Amino acid sequence: RTIGATAFAYSISLGSIIFPESLESIGDFAFANSALTGTISIPKNLSYFGEGAFASCHNLVGFSVDESNVNYNSIDGVAYTEDGTTLVAYPAGNTNYSYSILNNTKKIGGAAFYGAKYVTKVQFNRELEEIDDYAFSNATSLYAPTMPIGLMKIGRMAFEYTDNLY
């Protein structure tokens, strides 16, 4: 029912995984820097999607969420809370250079874009209030985004190792 924090982090031989419907929790950084490929399917009973759970998985191109899941949703392969107010995880292997946050998103979750090496531009919406800890850490191609006027909090090390922020 639970995959603990960092359980499969740095697993270089783990290419794919199928989660059982009974899975309720994926811990923080559970699969960080692993060799997962393709799209991850989030099961219907998942109620906790840990911070940075799939951070720096450079072959991971998307997330899909079981339509019966009442906690999470996937929009164009990006994981959000069901109501879209929090962007939970952006797939680090997504090769699109630009991404626009949903209009009703108020928070970018911790380590959500961690290691997303291809994204150069993220368009924030006017409703964005918070960028959580490590949100864009190691997103090495990201250029300086324009911060919305209503932004209230930028978490610690939110833009760590994003060398193009000038």
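A quick note: this is a predicted structure, and the numbers were derived from the prediction, not measured.
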Quiz item: Do side-chain atoms of S47 reach the backbone of E24 as a donor and acceptor pair under 3.5 angstrom?
Solution: yes
Exercise. Ignoring hydrogens and angles, tell me if any N or O in the side chain of T86 forms a donor-acceptor pair with the backbone of G109 under 3.5 Å.
Key: no
Exercise. Taking the side chain as every heavy atom from C-beta outward, state whether P43 and N69 have any atom pair closer than 4.5 Å.
Key: no
Quiz item: Checking D66 side chain against I42 main chain: does a donor-acceptor pair fall under 3.5 Å?
Solution: no
Quiz item: Do T140 and L142 come within less than 4.5 Å of each other through their side chains, counting heavy atoms only?
Solution: no
Quiz item: In terms of the angle between their ring planes, are F63 and F49 parallel, tilted or perpendicular, with boundaries placed at 30° and 60°?
Solution: perpendicular
Quiz prompt | Side-chain (D28) to main-chain (E51) donor-acceptor, under 3.5 angstrom | solution = yes
Exercise. Could you check whether the rings of F54 and F31 sit parallel, tilted or perpendicular, using 30° and 60° as the cut-offs?
Key: parallel
Quiz item: Measuring from I149:CD1 to R126:CZ, what's the distance to the nearest 0.5 Å?
Solution: 11.5 Å
Quiz item: Out of curiosity, C57 SG to I40 CD1, how far, rounded to the nearest 0.5 Å?
Solution: 7.5 Å
Exercise. Please confirm whether the backbone N or O of A92 pairs with a side-chain atom of H58, one donor and one acceptor, at under 3.5 Å?
Key: no
Exercise. Search all heavy atoms of K107 against all heavy atoms of T105 and return the closest pair with its distance.
Key: O-CG2, 3.4 Å
Self-check item: Q123 vs S100, side-chain hydrogen bond (donor to acceptor under 3.5 Å, both in side chains): CA-CA, chis, key distance, verdict
Solution: CA-CA 5 Å; Q123 180 68 46; S100 294; 5.7 Å; no
Exercise. Give a yes or no answer on whether the side chain of S137 reaches the backbone of F159 with a donor-acceptor pair at less than 3.5 Å.
Key: no
Practice problem: Taking Y10 for its side chain and S34 for its backbone only, find out whether a donor-acceptor pair lies under 3.5 Å. | Solution: no
Quiz item: Which distance, rounded to the nearest 0.5 Å, do you find between the OG of S141 and the NZ of K117?
Solution: 9.0 Å
Quiz item: Would you say the side chain of N96 lies within less than 4.5 Å of the side chain of V119, judging by non-hydrogen atoms?
Solution: no
Quiz prompt | Any donor-acceptor pair under 3.5 Å from T120 side chain to Y97 backbone | solution = yes
Quiz item: Does N71 reach the side chain of T81, with side-chain heavy atoms less than 4.5 Å apart?
Solution: no
Practice problem: Assert yes or no for the condition that the ring centre distance of Y114 to F136 is strictly below 6.0 Å. | Solution: no
Exercise. Go through S74 and S64 one step at a time and tell me if the side-chain hydrogen bond (donor to acceptor under 3.5 Å, both in side chains) criterion holds.
Key: CA-CA 6 Å; S74 174; S64 66; over 6 Å; no
Quiz item: Are any of the side-chain heavy atoms of Y118 and N94 separated by less than 4.5 Å?
Solution: no
Quiz prompt | Side-chain touch L102/L87, heavy atoms, less than 4.5 angstrom | solution = no
Quiz prompt | Atom of V122, atom of P145 and distance for their closest heavy-atom approach | solution = O-CB, 3.9 Å
Quiz prompt | Approximate separation, where rounding is to 0.5 Å, of Y143 OH and N164 CG | solution = 4.0 Å
Quiz item: For G38, does its backbone N or O pair with a side-chain atom of N59 as donor and acceptor, under 3.5 Å?
Solution: no
Quiz item: Counting only heavy atoms not in N125, do more than 12 fall under 6.0 Å of its CG?
Solution: yes
Quiz item: Do the non-hydrogen side-chain atoms of Y90 and I108 ever get within less than 4.5 Å of each other?
Solution: no
Exercise. State, with a plain yes or no, whether a side-chain heavy atom of T85 is found less than 4.5 Å away from one of Y80.
Key: no
Quiz item: Does any N or O in the side chain of D133 come within less than 3.5 Å of the main-chain N or O of G155, such that one atom is a donor and the other an acceptor?
Solution: no
Exercise. Considering non-hydrogen atoms only, spot the tightest contact between Y72 and E82 and give its length.
Key: O-OE1, 3.1 Å
